[in-house]
Number of protein chains: 2
Amino acid sequence: MQVMTGGERMRGDVFDTNCPSRIVLDHVTSKWAVLVLAALRTGPSRFSELRRRIGGVSEKMLAQTLRTLEADGFVHREVAPTTPPQVTYSLTPLGEGIAERVTGLVDWIADRIPEIQDVRTR
Amino acid sequence: MQVMTGGERMRGDVFDTNCPSRIVLDHVTSKWAVLVLAALRTGPSRFSELRRRIGGVSEKMLAQTLRTLEADGFVHREVAPTTPPQVTYSLTPLGEGIAERVTGLVDWIADRIPEIQDVRTR
DNA sequence: CTGTATCCAGGTTGATACTG
DNA sequence: CAGTATCAACCTGGATACAG
């Protein structure tokens, strides 16, 4: 935790490293969140189904990612009171918006990978 | 480093955690890269000027971030052969594209912070 | 099935000191 | 001015075991 000692930077914009926008940005661009958002764009999904579709994710990280996205209002969690319990995750309207943009950014980059690789070799 | 043991996931899309797009996404959405891109959108800037404008960044992290962005082709580094040396950083055309989109994403999120905070308190 | 708790290795960060 | 080198501290993430 870093303390602002003076009034040197009090704007609420992107230059404030700990502004809410930056925190949410980190959430939605995190390693697994990108994949969760992409997976949920095709429709609601259960925990174990997500775990299967997103290869390599641990239970801990999937649960953590889903909790964060839920807290931010991007993902809806629906528990069916059965035994064993069934939990279904889906995108909220807000979640669909962010999912579209995040995957859009990934796709924009993907389209330019040839150019980027080109620079790297030069 | 994780090894793919089978052919279970060979697509080149977003579901491949280590695909080039994801790597570049991590670069440009990293803590300091977002701020560097935002700072450079207003025009070329020198090392120490960037350090002043982006409060809290260490020399090491600024240098590291700039080297990564340069390697990806988003930032151009111009050295004037004077003493003391003058190094000027600027966005490449590719860099302007990504800067626009990254800050756009941050702004999109910023616009919805009220909604998000609303969910958090509920 | 859907998680939570714990532990630990590895990577990332930042302070500091130093160089050309 | 514009960095690089070094090192300790922190944090993240994954494996494992366990619980409701």
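Protein chains get the first letters and strands the later ones, always in sequence-line order, with residue 1 at the start of each.
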Exercise for review: Grab the CG-C1' distance between B:Asp26 and C:dT12 for me, whole Å please.
Suggested key: 13 Å
Review point. A:Ser48 side chain N/O closer than 4.0 Å to the phosphate oxygens (OP1, OP2) of C:dT2?
Key: yes
Check your understanding: How long is the line joining CZ of B:Arg51 and P of D:dC1, in whole Å?
Key -> 11 Å
Review point. So, for A:Ala39 and A:Arg53, which heavy atoms are closest and what is the spacing to 0.1 Å?
Key: O-NH2, 3.0 Å
Return a table of donor-acceptor pairs under 3.5 angstrom between the side chains of residues 77-85 of chain A and protein atoms on other chains or two or more places apart.
unit_1  : atom_1 : unit_2  : atom_2 : d
A:Arg77 : NE     : A:Tyr89 : OH     : 3.3
A:Glu78 : OE1    : A:His76 : NE2    : 3.1
A:Thr82 : OG1    : A:Pro84 : O      : 2.8

Exercise for review: Using atom CZ of B:Arg46 as one end and atom C1' of D:dG3 as the other, report the distance to the nearest whole Å.
Suggested key: 13 Å
Point to revise | Test side chain to side chain contact (heavy atoms under 4.5 Å, CB included) applied to A:Ala110 - qualifying residues, sequence neighbours left out | key: B:Ser21
Check your understanding: To the nearest 10 degrees, how far apart in direction are the end axes of the helix from C:dC1-D:dG20 to C:dG20-D:dC1, each fit to five base pairs?
Key -> 50°
Practice item. Quickly work out the B:Leu50 CG to D:dC1 P distance and round it to whole Å. Key: 13 Å
Check your understanding: D:dA19 P sits how many Å from A:Phe47 CZ, rounded?
Key -> 18 Å
Practice item. First locate atom CG of A:Leu40, then atom CG of A:Leu66, and finally report the distance between them rounded to the nearest 0.5 Å. Key: 7.5 Å
**Study point:** Selection residues 101-112 of chain B - residue pairs positive for salt bridge (Lys or Arg N to Asp or Glu O under 4.0 Å), sequence neighbours left out
**Key:** none
Check your understanding: In whole angstrom, what separates B:His27's NE2 from C:dT12's C1'?
Key -> 13 Å
Exercise for review: Using a cut-off of strictly less than 4.0 Å, decide whether B:Tyr89 has a side-chain nitrogen or oxygen near OP1 or OP2 of D:dC1.
Suggested key: no
**Study point:** DNA chain C contacts made by residues 58-72 of chain B, counting heavy atoms under 4.0 Å
**Key:** B:Glu59, B:Lys60, B:Met61, B:Gln64
Check your understanding: Quick one: A:Glu78 CD to C:dT2 C1', roughly how many Å, whole number?
Key -> 15 Å
Check your understanding: Considering residues at least two apart in sequence or located in another chain, which fulfil the side chain to side chain contact (heavy atoms under 4.5 Å, CB included) criterion with B:Ala63?
Key -> B:Phe47, B:Arg67
Review point. Do any side-chain nitrogens or oxygens of A:Trp32 fall under 4.0 Å of OP1 or OP2 in D:dG14?
Key: yes
Check your understanding: Across the strands shown, which category fits A:Arg77 at heavy-atom distances under 4.0 angstrom: base, sugar-phosphate, nothing?
Key -> sugar-phosphate
Check your understanding: Nearest to the side chain of B:Pro84 - D:dA2, C:dG14, D:dC1?
Key -> D:dC1
Exercise for review: To the nearest Å, give me how far apart CD (B:Gln86) and C1' (C:dG20) are.
Suggested key: 16 Å
Review point. Is A:Thr92 reaching over with its side chain to a backbone N or O of A:Gly73, donor-acceptor style, under 3.5 angstrom?
Key: yes
Review point. So which of A:Thr68, A:Thr65, A:Asp72 actually passes side-chain hydrogen bond (donor to acceptor under 3.5 Å, both in side chains) with A:His27?
Key: A:Asp72
Review point. If you measure from CD1 on A:Ile113 to CH2 on A:Trp108, what distance do you get to the nearest 0.5 Å?
Key: 10.0 Å
